[in-house]
Visitor: 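The structure under discussion is supplied below as structure tokens; questions concerning it will follow.
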Amino acid sequence: MTEIKGTRNRGQNVSLSTSTIPSYGEFEPGPRQASSPLTPDSPKQFLNHVDRGVYVIKDLSEDPGPFVDRLPYRTPTRPKEIRLSPCDNNILTTSPDNGRLTTPVQEQGQPESPHVFLSPVDKGIFVINSTFDSSQTSLSNNNNDANNDKKKNHAEKDKNSKKYVTNQNEATSAERKPPDRRQIYGVDENKERGNWTGRLDFLLSMLGYCVGLGNIWRFPYLCYRNGGGAFLLPFIIMMLLIGIPLFYLEAALGQFCSRGPTTCWEFAPLFKGLGIAMLIMSGLTSIYYNVLITWSVLYFFSSFTSDLPWSNCDNKWNTKDCTLKLPKVTCFGTEQKFANGTCYSNNVFKGIWNDAIFKNVTGRRRVSPTEEYWNNKFLSISSGIDDLGEPKYELALGLLFAWILCFLCLLKGIKTTGKVVYVTAIFPYIVLFILFFRGITLEGAGQGIYYYIVPNFERLLDAKVWRDAAVQIFYSMGPGWGGLIALASYNRFHNNVFRDSLVVSLGDCVTSIFGGFVIFSFLGHMASQMNVEVKDVVTNGAGLAFVVYPEAIQSLPLPTLWSILFFLMLITLGIDSQFAMLESVLTGIVDYFPGLRSKKTLVMLVISIVFYILGLPMTTPGGMYILQLMDHYVASWSLLIVGLTEVLVISYVYGINRYLKDLEIMLGRPPFLCWKICWMFVSPIIICIILLFAWVDYSPIQYGSYSYPEWAEALGWLMSFFSIIFIPIVMLYKINKEDEGKNAWEKVKLLCTPSREWGPALVRHRELVDYVDGFVQDPWVERGSHQYVNYGYDASMGSHTTTDVSRQSWASGYTQNSHVSYESAV
């Protein structure tokens, strides 16, 4: 057995008392009265709901018909020759008069049948301790397995005892039957936390989380600015060396322990501050991210008109510098060409013959009608961050609508978002394909695509190009935010998270590249219509989505249709990412305070109200400056520090070998060696290099030509520190509260040791951990009076009291005298 650091032992191991285990003559879902306490000489075990299937034990000796009709499978007739013995190597015995043993029968459209169906439990001792392989469909297979078990355990039988002893911590992996890795959807595996309902819920939620607004308005601009197609090389390299490894690391961590970002650090309690840092970054980001969604919503509703409001210069918000009032023309010989760049014909103003001369001489700049609508009408933007003004009621109501939409979609947590993502994650791809085929048919589209993809390999020698690629990976794929951990924590234990990580990572990369083709095809058409180069119309961020793109589509036939489709795509792109960030905040809170789990709707309501109030300053005329400040500082280098600390803690504090073993029992196969190399060396080194460049190449924030005052810069740095400062604060708090250890160093070592609660959430999955010395299979039972209560039955709760109710969905242990293992579904 591989020696791996075990769990922290805070006391003596205890045996679970079975003096009050109820027995039932009839076992099926519903309230039951408890009776006849279990004695060491008559162990019984009843299973209601396990991940391997559904088990039903019921007395069919009198009237089997009504009950059999309610089963989701057929019950074959009892084989007459069966004899099972409860006392010999855990092999069940019965006579033909006592009951029947049937094999599962699968019916089309029905849930999976149980592996073993035993009825009735008559007077005698019957123990069901393990399930048979899912491939067994005949009685002979069951008998063969029983004989094999008898041979394997023959050496462990005491010559003076007929007891059957099971100790999974001491059993080798060769002696244990392989776990059943089937996943039954539609039924929660973890009854307390819940799981994703459908097979694609998690995959689409993760894809929607990663594919956001940045894929449309950030990546294409970075690709153009950093060498066109040459930028794809550093982007793909960074995705392989940082993006996918950290994505897989976080998703697997959340799935293994079924905990959110604030409580998944039980493997090293000293670093619980990482979860708080993730929670704060996701919370602050979701505040301003919903403002972006608000803008998309308002533009979407403004598009329902025959004449788009930003299509002309005849509105009260337009100025004399609107481009339609200052058209760009060619001055012929008979016309008057002035030195200020203007052109007149018969003393009548015709237009601007040289835009650069006009700007230098007059100090005026031609402004597009979409830009004037954006700045003068939609935002009513002020002169700076120190001139906020009052909230605009249109923006405030739009923000309220966006938060109501988020609240309704997160009303029941993953049970509602898991359904919404089927629309919000798929619809953007439909619109992207429509816009792509329309864009490539436009005049000038080839010029735009040329600027987008033609490589400039000289740019690869610039370190900023590689830094931009790595930072874009963090913004796009989402490691370090806590969202990956939160979403993956609702997976079933044996879900193939490795496959999902690859699919989502590659899908995010392909979407970014494909979105660039869509955007630059329209920008090429826009440049062709304006008789300028593509570089003169390319911009980044919100300006691309709300200024440049609306101007590009207004020259198309049916501009209203294309505007509606585009902004609806932005809404669905943004709302998915917003769901994931809010889900990480919600999950972190209810995991840290389990008593709030039953009040999740109320918690989500409070979060929505608080975040709405905090977002109101961004609906003022100066709100754009606040949004840019938060976007620049909230999750910049602080996000890199969180990601670096996370990968170092798992690799070197928890132990990379143990983490790889955790993944092996979860996925059924050992991870490839490349993951170990990336997590231990490659990813941390690259992140350190990126951090170094971020600090060396730091420059104060600007929005266009506006420079922020020093106090605003200081506020931005405070927002950066506000998240990561909790990492050392929690460390000091933990060390101060630790009551074991003679000095600080001993306390640190204890706090870097996994707690007894660390591991899979369900006991049947914790039993797979046989590679850790002293690993506790059921730590929650030790907290109570060590007696068994079947929480699945209301009457048993009233008949049998305990001082502590298990936080998990299963109670499990070993009887002190009979050494019989039992489990009960909650």
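Being a predicted model, the structure only gives us computed values, none of them experimental.
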Visitor: Evaluate the side-chain contact (heavy atoms from CB on, under 4.5 Å) criterion for residues Ile607 and Ile589: first the C-alpha distance (whole Å), next the side-chain angles of each, then the deciding distance (0.1 Å), finally the verdict.
Guide: CA-CA 10 Å; Ile607 292 175; Ile589 292 175; 3.9 Å; yes
Visitor: How far does CZ of Phe231 sit from CH2 of Trp466, to the nearest 0.5 angstrom?
Guide: 10.0 Å
Visitor: Report, one line per pair, each donor and acceptor closer than 3.5 Å where one atom sits in a side chain of residues 712-731; sequence neighbours left out.
Guide:
from, atom 1, to, atom 2, distance (Å)
Glu713, OE1, Tyr633, OH, 2.5
Glu713, OE1, Tyr698, OH, 2.6
Glu713, OE2, Ile701, N, 2.9
Trp717, NE1, Tyr698, OH, 3.3
Ser720, OG, Tyr633, O, 2.6
Ser720, OG, Gly716, O, 3.4
Ser723, OG, Ser720, O, 3.2

Visitor: Do the side chains of Pro261 and Glu250 get nearer than 4.5 Å, heavy atoms only?
Guide: no
Visitor: Is any side-chain heavy atom of Ile244 less than 4.5 Å from a side-chain heavy atom of Ser501?
Guide: no
Visitor: With the side chain counted from C-beta on, respond yes when Tyr592 and Ile276 share a heavy-atom pair under 4.5 Å apart, and no when they do not.
Guide: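 The answer is no, as the side chains (C-beta and beyond) never meet within the 4.5 Å cut-off.
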Visitor: Taking only residues two or more places apart in sequence, or in another chain, which ones meet Asp576 in a side-chain hydrogen bond (donor to acceptor under 3.5 Å, both in side chains)?
Guide: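 Per chain and number, Asp576 pairs via side-chain hydrogen bond (donor to acceptor under 3.5 Å, both in side chains) with Thr424.
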Visitor: Taking atom OH of Tyr703 as the centre, report whether more than 12 heavy atoms of other residues, nucleotides or ligands fall under 6.0 Å from it.
Guide: yes
Visitor: Please walk me through it: do Asp508 and Tyr209 pass side chain to side chain donor-acceptor pair (under 3.5 Å)?
Guide: CA-CA 10 Å; Asp508 176 72; Tyr209 172 53; over 6 Å; no
Visitor: Please answer whether the main-chain N or O of Phe493 pairs with a side-chain N or O of Glu189 as donor and acceptor at a distance below 3.5 Å.
Guide: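 Yes, the answer is positive, given that a donor and an acceptor are paired below the 3.5 Å cut-off.
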Visitor: Test of understanding: with salt bridge (Lys or Arg N to Asp or Glu O under 4.0 Å), list the residues that count as partners of Glu664, not counting sequence neighbours.
Guide: Lys661
Visitor: What residue pairs, at least two apart or across chains, pass salt bridge (Lys or Arg N to Asp or Glu O under 4.0 Å) with a residue in residues 690-699?
Guide: Lys464-Asp697, Arg467-Asp697
Visitor: Would a distance-only check, ignoring hydrogens and angles, find a side-chain to backbone donor-acceptor pair under 3.5 Å from Tyr659 to Leu253?
Guide: yes
Visitor: Strictly under 6.0 Å, is that where the ring centroids of Trp265 and Phe267 end up?
Guide: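 Between Phe267 and Trp265, which both carry aromatic rings, the centre distance is below 6.0 Å.
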Visitor: Got Pro760 and Arg766 here, is their nearest side-chain heavy-atom distance under 4.5 Å?
Guide: yes
Visitor: Sub-3.5 Å donor-acceptor pair from the side chain of Tyr652 to the main-chain atoms of Met680, do we have one?
Guide: yes
Visitor: Donor-acceptor pair, Ser683 side chain versus Trp679 backbone, under 3.5 Å?
Guide: no
Visitor: Would you mind checking if Arg756 and Glu266 are paired as a salt bridge, meaning a charged N to carboxylate O distance below 4.0 Å?
Guide: no
Visitor: For Ser512 and Ile216, indicate whether the former's side chain and the latter's backbone hold a donor-acceptor pair under 3.5 Å.
Guide: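 Answer holds: no.
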Visitor: From Asn290 CG over to Ile575 CD1, what is the distance, rounded to the nearest 0.5 angstrom?
Guide: 6.0 Å
Visitor: Starting at OG1 of Thr263, measure out to CZ of Phe593 and round the result to the nearest 0.5 Å.
Guide: 11.5 Å
Visitor: Please identify each residue that fulfils side-chain contact (heavy atoms from CB on, under 4.5 Å) with Ala470, with sequence neighbours left out.
Guide: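 Only Met238, Ile242, Ile690 meet the side-chain contact (heavy atoms from CB on, under 4.5 Å) criterion with Ala470.
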Visitor: Can you confirm whether Phe256 sits close enough to Leu663 that some side-chain heavy atom of one is under 4.5 Å from a side-chain heavy atom of the other?
Guide: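 Heavy-atom side-chain distance check fails, nothing below 4.5 Å.
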Visitor: Kindly confirm or rule out a cation-pi arrangement of Arg193 over Tyr490, judged by NZ or CZ under 6.0 Å from the six-membered ring centre and within 45° of its axis?
Guide: yes
Visitor: What orientation do Trp758 and Tyr654 show, parallel under 30°, tilted 30 to 60°, or perpendicular over 60°?
Guide: perpendicular
Visitor: Who pairs with Arg492 by salt bridge (Lys or Arg N to Asp or Glu O under 4.0 Å), at least two apart in sequence or on another chain?
Guide: none
Visitor: As an exercise, state the distance from SG of Cys257 to CG of Asp662, rounded to the nearest 0.5 Å.
Guide: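 Result: 9.5 Å between the selected atoms.
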Visitor: Say you draw a straight line from OG of Ser489 to CD1 of Ile414; how long is it, rounded to the nearest 0.5 Å?
Guide: 7.5 Å
Visitor: For Asp188, does its backbone N or O pair with a side-chain atom of Asn195 as donor and acceptor, under 3.5 Å?
Guide: no
Visitor: With no hydrogens and no angle check, is any side-chain donor or acceptor of Gln578 less than 3.5 Å from a backbone partner on Ser286?
Guide: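 Such a contact is found between Gln578 side chain and Ser286 backbone.
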Visitor: Between the side chain of Thr285 and the main-chain N/O of Ser282, is any donor-acceptor distance below 3.5 Å?
Guide: no
Visitor: Measuring only between side-chain heavy atoms, which start at C-beta, is Ile656 closer than 4.5 Å to Trp675?
Guide: no
Visitor: Within the distance-only criterion (no hydrogens, no angle test), does the side chain of Glu746 pair as donor or acceptor with the backbone N or O of Glu740 below 3.5 angstrom?
Guide: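 Answer holds: no.
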Visitor: With the side chain counted from C-beta on, respond yes when Ile513 and Phe219 share a heavy-atom pair under 4.5 Å apart, and no when they do not.
Guide: yes
Visitor: Verify side-chain contact (heavy atoms from CB on, under 4.5 Å) between Ile485 and Glu646, making sure each step is shown before the conclusion.
Guide: CA-CA 12 Å; Ile485 298 175; Glu646 178 185 34; 3.8 Å; yes
Visitor: Could you tell me if the side chain of Val471 sits less than 4.5 Å from the side chain of Arg218, heavy atoms only?
Guide: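 Yes; the side chains approach each other to less than 4.5 Å.
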Visitor: Step by step, work out the side-chain contact (heavy atoms from CB on, under 4.5 Å) result for Arg669 and Phe498.
Guide: CA-CA 11 Å; Arg669 59 181 180 276; Phe498 171 66; 3.8 Å; yes
Visitor: Working note: Leu627 + Leu292, criterion side-chain contact (heavy atoms from CB on, under 4.5 Å); need CA distance, chi angles, decisive distance, verdict.
Guide: CA-CA 9 Å; Leu627 187 144; Leu292 300 177; 3.9 Å; yes
Visitor: Taking Glu738 for its side chain and Leu751 for its backbone only, find out whether a donor-acceptor pair lies under 3.5 Å.
Guide: no
Visitor: Compute whether any side-chain donor of one residue and acceptor of the other, for Lys747 and Asn736, lie under 3.5 angstrom apart.
Guide: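 On atom types as modelled, these side chains do not qualify, holding no pair under 3.5 Å.
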